[in-house]
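Reviewing the structure listed below.
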Protein chains: 2
Amino acid sequence: MRGPVIEKSALANEPLPQYQRLKVHIARQIEAGRLKPGQRIPSEQELVREFSVSRMTVSRALNDLEQDGAITRIQGVGSFVSTGKAESALLEIRDIAKEIADRGQTHSSRPLHIAEERGSSINALLGLDADAACYHTVLLHLADGQPVQVEDRWVNPRFAPKYIAQDFNRTTPHRYLMSLAPLQAAEHVFEADLPTPEVAGWLGIPKNTPCTILRRRTWSLNLVASVATLVTASHRSRYAGIFGSLPPLAKALPRL
Amino acid sequence: MRGPVIEKSALANEPLPQYQRLKVHIARQIEAGRLKPGQRIPSEQELVREFSVSRMTVSRALNDLEQDGAITRIQGVGSFVSTGKAESALLEIRDIAKEIADRGQTHSSRPLHIAEERGSSINALLGLDADAACYHTVLLHLADGQPVQVEDRWVNPRFAPKYIAQDFNRTTPHRYLMSLAPLQAAEHVFEADLPTPEVAGWLGIPKNTPCTILRRRTWSLNLVASVATLVTASHRSRYAGIFGSLPPLAKALPRL
DNA sequence: TGACTAGACTTGTCTAGACAAGTAGTTTTG
DNA sequence: CAAAACTACTTGTCTAGACAAGTCTAGTCA
């Protein structure tokens, strides 16, 4: 097919199979707000005609998007952009600014460290050579002026060569990275611990406050986009996720 | 097709589409040890012949199993049972006895509470009527005699009518439930908190020790199988997960 | 005005085939 | 003996069509 044109980012010229291109196209429209939560997306038949692909190709793309939590499909009704409530762990990786806004609070962030670092020990996790450069930022996220989370993040310059030039007083790393390409996959590790004295100081919490420690590696366009560690006081954090294929009954039950 | 026969459990007679029946069949063989980690599973062509289904049907089943983390597929080579290292959050829901054994320790458990309860507040989460009966067990899991985790679990009698009759000195709830049917989906919520005095006492930890609190609802055969809360001292727990489709490069990088 | 039905739409599942891309083992060649 | 080529397998992707199952809306009838 002529297919949806994927906008530029690093290595975006690498060809993707058609079903993946369609996924990226729809994911981008959702991310950009052109398809809003709750809105019906074009039917399979409409997408077949629009992109000159087979219905199985469309179905594969939409099934994957549903698995990712980006959309919800209902037999006989249609496919809809998922609403704000998280139905998938992938979608759970939301912009902290949005999480805070959804609670009726105002997000702000204070950059504590912004640097290009060469030969970082994190390079192996980023898929970079040992002596390569990567970007490292440390941000304090606040809600209504109150510290809620410390974000320690390394970013792959091959994916986001202009990352270091962004103004993180005005945007968040997540929002910027997602503007380049939608998430393809994420790995995370969840632990609980007490904060280091430095982090406890930044968060303004007693040093014996349990915190959630979430380490996350995100992938886009077949590259590691970033590796991040997020430290949040426990009373302010709750990570939810869904795996496998929930049956329709799941929609009718109260959330865990 | 004649199709793989799904062994009996509650409501197992409910028909499933062929691709799901094939998934269940293969998942059962893995769970039962008839297909071992690292072992190659029959090729798509072999499964087409064996079950008299189309290759698309087989491919759909195997793709879903890969998404679930149960198997790994390599173009041109074959499909293999995933090795012990978790590659998917769904597979991450492992038997705690096995986790402890994998650390070279001996698992044991002490039942603290076993009862049938009527009118539990958990019934809504289980998908049961408000005044229905459900099963409730509280177990202390130990490694080499040392307490590591408190498991608070409610089980749906429609899925596991004989649950309450099991000897949890000899098996674990997880192992028993998985023997009835493989996991279809799981929802979880991760939090961090200090333990209650009662739980701190059971775990033998100081009351200011941060703990991971994992709440989980599992689905099998389109039913809620159980709802569980697992409390683990932080130095003993680490939950990992993968979402979306990792590219092949992910296999070559160190784990997060 | 309400109930029922038919039609038109949707997604869910399945079949059969084709070609691409990748891999591993075997055979041939230098 | 090593390298190259070939063969036979594997999974990856795509097409086209069919039928099932579900939903919604409009029209008809009592």
Side-chain angles (χ1 to χ4, degrees), chain A residues 1-4 14-26 38-67 70-82 184 222 245-252, chain B residues 1-4 14-26 38-67 70-82 184 222 245-252:
Chain A
M1 63 163 180
R2 288 174 283 102
E14 186 175 326
L16 290 173
Q18 288 185 329
Y19 81 91
Q20 293 228 41
R21 292 156 69 100
L22 184 53
K23 278 179 68 180
V24 168
H25 171 77
I26 295 172
Q39 188 173 343
R40 193 181 76 87
I41 67 176
S43 70
E44 289 184 357
Q45 203 53 44
E46 287 168 320
L47 294 168
V48 163
R49 286 195 291 272
E50 183 177 351
F51 294 110
S52 301
V53 292
S54 79
R55 202 190 140 210
M56 292 298 297
T57 299
V58 170
S59 184
R60 171 74 192 264
L62 298 185
N63 277 337
D64 282 6
L65 285 167
E66 181 175 44
Q67 185 75 283
I71 68 172
T72 297
R73 283 157 66 71
I74 306 172
Q75 181 176 359
V77 184
S79 304
F80 302 86
V81 180
S82 292
Q184 170 184 347
N222 292 344
S245 303
L246 288 176
L249 174 61
K251 296 181 174 68
Chain B
M1 63 161 178
R2 288 175 283 101
E14 185 175 328
L16 291 172
Q18 289 186 328
Y19 81 92
Q20 293 227 40
R21 293 157 70 100
L22 185 53
K23 278 180 68 181
V24 168
H25 171 76
I26 294 171
Q39 187 172 342
R40 193 182 77 89
I41 67 175
S43 70
E44 287 184 357
Q45 203 53 44
E46 287 168 320
L47 293 169
V48 163
R49 285 195 292 271
E50 182 177 352
F51 294 109
S52 301
V53 294
S54 80
R55 200 188 141 213
M56 291 299 295
T57 301
V58 171
S59 185
R60 171 76 194 263
L62 298 185
N63 277 336
D64 282 6
L65 286 167
E66 181 175 44
Q67 187 75 283
I71 67 171
T72 296
R73 282 158 65 73
I74 305 171
Q75 181 178 1
V77 183
S79 304
F80 302 86
V81 180
S82 291
Q184 171 184 347
N222 291 344
S245 302
L246 289 176
L249 173 60
K251 296 181 174 71

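Letters go in sequence order (proteins before strands), and every chain restarts at 1. Side chains included, hydrogens not; waters and symmetry mates left out as well; all remaining heavy atoms used. Remember, it's a predicted structure, so these values are computed and weren't measured experimentally.
Here the nucleotide nearest the side chain of A/Tyr19, chosen from D/dC14, C/dC14, C/dA21, is D/dC14. Taking every side-chain heavy atom of A/Arg55 into account, C/dT13 is the closest of C/dT13, D/dT13, C/dT15. Of the candidate nucleotides C/dT11, C/dT15, D/dG12, C/dT15 has the atom lying nearest to any side-chain atom of B/Val53. The side chain of A/Val77 lies closest to D/dT23 when the candidates are C/dT15, D/dT23, C/dC14. With C/dT11, C/dC14, D/dT11 as the choices, the nucleotide that has an atom nearest any side-chain atom of B/Gln18 turns out to be C/dC14.
Look at CG on B/Asp64: it is 11 Å from P on C/dC14, rounded to the nearest Å. Atom CG in A/Leu16 sits roughly 14 Å away from atom P in C/dA21 (whole-Å rounding). A/Glu44 places its CD atom 6 Å from the C1' atom of C/dT11, with the value rounded to the nearest Å. C/dT15 atom P lies 11 Å from atom CG of B/Leu22, rounded to whole Å. Counting to the nearest Å, the C1' atom of C/dT23 and the CZ atom of B/Arg73 are 15 Å from each other. Atom CZ of A/Arg49 is separated from atom P of C/dC9 by 9 Å (rounded to the nearest Å). Taking atom CZ of residue B/Phe80 and atom C1' of nucleotide C/dG22, one finds them 13 Å apart after rounding to whole Å. Spacing between atom CZ of B/Arg40 and atom C1' of D/dT10 amounts to 8 Å, rounded to whole angstrom units.
Separation of atoms CG (B/Asp64) and CG (B/Leu22) is listed at 10.5 Å; rounding is to 0.5 Å.
Considering only heavy atoms from C-beta on, B/Gln18 stays 4.5 Å or farther from B/Phe51 through its side chain. A/Arg73 is listed as a side-chain neighbour of A/Asn63, based on a closest heavy-atom distance under 4.5 Å.
Closest approach of B/Ala61 to B/Tyr19, counting heavy atoms only: CB-O, 3.4 Å. Closest heavy-atom contact between A/Ile71 and A/Leu62: CD1-O, 3.5 Å.
OP1 or OP2 of C/dT10 sits under 4.0 Å from a side-chain N or O of A/Ser43.
Nearest-nucleotide assignment on DNA chain D puts the 5′-proximal partner with B/Glu46, out of B/Glu46 and B/Ser59. Nearest-nucleotide positions on DNA chain D place B/Pro42 closer to the 5' end than the other of B/Pro42 and A/Gln75.
Scanning atom types as modelled, no donor and acceptor separated by under 3.5 angstrom connect the side chain of A/Arg60 and the base of D/dG12.
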